[in-house]
Amino acid sequence: MYALVDGNNFYVSCERVFRPSLQGRPVIVLSNNDGCAIARSNEAKALGITMGMPWFQIQRQWPDVGLIALSANFCLYGDMSSRMMSIAAGLGPEQEIYSIDESFVGMHGMRGDLVARGHAVRERMLQWIGIPVGIGIGPTKTLAKLANHIAKTADRKPGSYPAGLARVCHLGALPASDFDAVLAATDLGEVWGIGQRIAAQLRAEGLSTALDVARMDAAMAHRRWSVTFSRTVCEMQGQPCIALEEAPAPKKEIACTRSFGQPVTELRGLIEAVSEFASRAAEKLRRQEGRAGQVLVFIHTSAFRHGERQYSRSITVPMRRPTADSGLLVATAVRALQAIYRPGYKFAKAGVMLLDLQEGSLEQHELDLDESASDRSGLMGTIDRINDRFGRSTVALASAGVARCERGWTMRQELRTPDYTTRWTDLPRARA
DNA sequence: TCTGGGGTCCTAGGACCC
DNA sequence: TCTGGGGTCCTAGGACCC
């Protein structure tokens with residue numbers, strides 16, 4: 001058996017822990033640049049605000065409903081996430097951390113009442129960190145995920161499912177007829193692995209529910225769609241095809257990309273942005289002790305501005321040898337940028353990706369008489385430790401721009417809450 | 001005026017090889 | 001009139017996830 005523990009409206013719930021006045025009100029959390037909604041409280045969902053809806057449109061459509069919007073505070077969410085994961089780990093012997101607010105737990109060989117155990121962990125989560133979660137249990141990860149959806153929906157919309165499935169739902173414990181009835185009441189689009197495209201194709205075939213998917217022929221699903229989708233069908237039938245991954249695999253590519261707070265036309269601004277993105281990506285790379293063999297840089301204008309001239313280009317540059325040196329990666333990224341930059345456009349977004357990643361231990365050395373290319377891994381380690389201790393960009397490369405306030409490209413975050421749990425000066429105060 | 005960021009996997013088709 | 005067969009590797013693009 002597998003369980004999936006998932007925070008309800010996670011980012012909103014994190015904010016509510018430190019601002020209880022947000023309880024019961026429509027609250028949304030906005031993406032970087034305060035661009036669009038990426039988390040919604042139940043009240044905001046009930047209003048009709050959808051995932052990814054642009055903020056300017058939401059303001060226009062719901063001007064007078066007391067809606068509270070907050071800029072995303074990923075420091076806070078990341079810290080709350082690790083607390084949540086350690087409590088979720090109490091559910092069973094194995095754990096996979098699947099995303100910032102979701103964790104699969106392997107419950108193989110566990111005896112006793114798994115539903116009661118789920119409720120106990122859920123209560124502990126509420127009491128210890130104040131985050132409400134839903135727990136789904138099933139014989140495969142896909143069914144656990146579906147059970148989680150049912151647990152949360154039954155909680156939020158009474159009457160949609162039998163009340164006993166709310167908050168903690170164990171699909172593996174249901175009699176066959178009840179199992180079928182619950183799946184028949186669930187849209188196929190809710191199944192993990194079925195996105196918009198496949199959902200539309202299945203509907204065109206006359207299928208509409210999760211039960212219809214569970215009754216498909218897996219071999220046919222492979223022939224007509226893909227192996228990936230045939231695995232989804234098998235998992236819906238209770239046959240595990242997707243393993244629990246306890247240790248996170250090293251990344252195969254690392255990206256740092258951002259939309260700008262304002263359009264950028266000058267090369268100078270783009271150089272600053274690309275320098276910063278490349279060094280952020282290099283930091284992530286060193287954290288997994290990897291080296292990059294290639295650097296990709298892209299820039300593009302905003303596809304949403306229909307009246308304006310559009311330009312979009314990317315370029316991939318190989319490194320002479322794989323490296324994790326910020327200086328080399330930044331210099332390469334800037335050279336790549338210069339090759340694709342064209343004046344006269346309003347650039348909206350840029351990004352750097354590190355590709356062809358390899359393990360640091362496999363480094364190939366070469367006879368090198370050029371001192372400028374000497375090994376600076378010690379220096380990089382020192383920079384990383386300083387920035388870990390004193391905060392991001394305490395030490396940075398000068399090409400990323402020194403006067404932060406003058407950089408027009410940095411993102412807008414006008415509605416950001418304090419870093420309650422990760423910065424001494426932001427600690428909440430308790431009054432007697 | 002204003003529309004996020006970071007990933008993975010699979011497939012098809014072309015290049016290339018013998 | 002006639003023009004092989006089989007395999008691998010790489011890349012771009014699609015689809016999916018949160």
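If you're wondering where the values come from, they're calculated on a predicted model, not measured in any experiment.
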- [ ] Please state whether the phosphate of B:dT3, meaning OP1 or OP2, lies under 4.0 angstrom from any side-chain nitrogen or oxygen of A:S259.
- [x] no
- [ ] Apply the test ring-ring contact (aromatic ring centres under 6.0 Å, His included) to residues A:Y2 and A:W192: give CA-CA distance (whole Å), side-chain angles for both, the deciding distance (0.1 Å), then the verdict.
- [x] CA-CA 14 Å; A:Y2 297 91; A:W192 190 39; over 10 Å; no
- [ ] For A:Q196, answer base if it contacts any base atom (sugar-phosphate contacts may also be present), sugar-phosphate if it contacts only those atoms, and nothing otherwise; contact means non-hydrogen atoms under 4.0 Å.
- [x] sugar-phosphate
Open item on the list: What is the distance, to the nearest angstrom, from the CZ atom on A:R223 to the P atom on B:dT11?
Closed with: 14 Å
- [ ] Mind calculating the distance between CZ (A:R197) and C1' (C:dC17) to the nearest angstrom?
- [x] 17 Å
- [ ] Give A:N33 one of three labels, base, sugar-phosphate or nothing, depending on what nucleic acid heavy atoms sit under 4.0 Å from its own.
- [x] nothing
Task: Side chain of A:Y98 - closest among B:dG7, C:dG14, C:dC17 - done: C:dC17
Open item on the list: Do A:Q95 and A:S103 pair up side chain to side chain, a donor and an acceptor below 3.5 Å, judged on atom types alone?
Closed with: yes
TODO: Give the nucleotide from the list C:dA15, B:dG4, B:dG6 with an atom nearest to the side chain of A:C256.
DONE: B:dG6
Task: Nucleotide nearest A:F56 (side chain, heavy atoms from C-beta), chosen from C:dC18, B:dG5, B:dT3 - done: B:dT3
Task: Most 5' of A:A255 and A:F304 on DNA chain B, judged by nearest nucleotide - done: A:F304
Task: Check: A:D325 side chain, A:M380 main-chain N or O, donor-acceptor pair, under 3.5 Å - done: no
Open item on the list: From the set B:dC10, B:dG4, B:dG6, return the single nucleotide nearest to any side-chain atom of A:I38.
Closed with: B:dG4
Task: Distance in angstrom units between A:W55 CH2 and B:dT3 C1', rounded - done: 14 Å
- [ ] Decide whether A:Q310 and A:Y345 meet the rule of one side-chain donor and one side-chain acceptor closer than 3.5 Å.
- [x] no
Open item on the list: Just by distance, no angles: are the side chains of A:N9 and A:S41 close enough, under 3.5 Å, to form a donor-acceptor pair?
Closed with: no
Task: First of A:I254 and A:Q59 reached from the 5' end of DNA chain B, by closest nucleotide - done: A:Q59
TODO: Could you state the atom-to-atom distance from CE of A:M353 to P of B:dG6 in whole Å?
DONE: 9 Å
TODO: Indicate whether OP1 or OP2 belonging to B:dC9 is found under 4.0 Å from a side-chain N or O atom of A:K252.
DONE: yes
Open item on the list: Quick check on B:dT8: is either OP1 or OP2 less than 4.0 Å from any side-chain nitrogen or oxygen of A:K251?
Closed with: no
Open item on the list: What is the distance, to the nearest angstrom, from the CE atom on A:M51 to the P atom on C:dC17?
Closed with: 13 Å
TODO: Round to the nearest Å and state the distance from A:L296 atom CG to C:dT11 atom P.
DONE: 12 Å
TODO: Under 4.0 Å between any heavy atoms, over every strand shown, what does A:R231 touch: base, sugar-phosphate, or nothing? Just pick one.
DONE: sugar-phosphate
- [ ] Write down the partner of B:dC18 under the Watson-Crick or G-U wobble criteria, each distance required to be under 3.5 Å.
- [x] C:dG5
TODO: Quickly work out the A:L357 CG to B:dG6 P distance and round it to whole Å.
DONE: 15 Å
TODO: For B:dT3 and C:dC18, measure between their P atoms and round to the nearest Å.
DONE: 25 Å
TODO: Ignoring the backbone of A:S226, work out which of B:dC10, B:dG4, B:dG6 is nearest its side chain.
DONE: B:dC10
- [ ] Round to the nearest Å and state the distance from A:N9 atom CG to C:dC18 atom P.
- [x] 14 Å
Open item on the list: Just to be sure I understand the rule, does A:L30 reach a base, reach only the sugar-phosphate, or reach nothing, if contact means heavy atoms closer than 4.0 Å?
Closed with: nothing
TODO: Just compare B:dT8, B:dT11, C:dC16 and give me whichever is closest to any side-chain atom of A:E253.
DONE: B:dT8
Open item on the list: Nearest to the A:D101 side chain among B:dT8, C:dG14, C:dC18, which nucleotide is it?
Closed with: C:dC18
TODO: From the options B:dT11, B:dT3, B:dG4, select the nucleotide whose nearest atom is closest to the side chain of A:H222.
DONE: B:dT11
TODO: Determine the contact category for A:I198: base if any of its heavy atoms lies under 4.0 Å from a base atom, sugar-phosphate if only primed atoms, P, OP1 or OP2 are that close, otherwise nothing.
DONE: sugar-phosphate
Open item on the list: If the test is salt bridge (charged side-chain N to carboxylate O under 4.0 Å, His left out), which one of A:R280, A:R286, A:R389 qualifies with A:D384?
Closed with: A:R286
Open item on the list: Ring-plane angle category for A:W409 and A:F277, please: parallel below 30°, perpendicular beyond 60°, tilted otherwise.
Closed with: perpendicular
TODO: Respond yes when some side-chain nitrogen or oxygen of A:K145 is under 4.0 Å from OP1 or OP2 of C:dC17, and no when none is.
DONE: no
Open item on the list: Just N and O in the side chain of A:T228: are any of them under 4.0 Å from OP1 or OP2 of C:dC16?
Closed with: no
TODO: Have a look at A:V29 and say if it touches a base, only the backbone sugar-phosphate, or nothing, with a 4.0 Å heavy-atom cut-off.
DONE: nothing
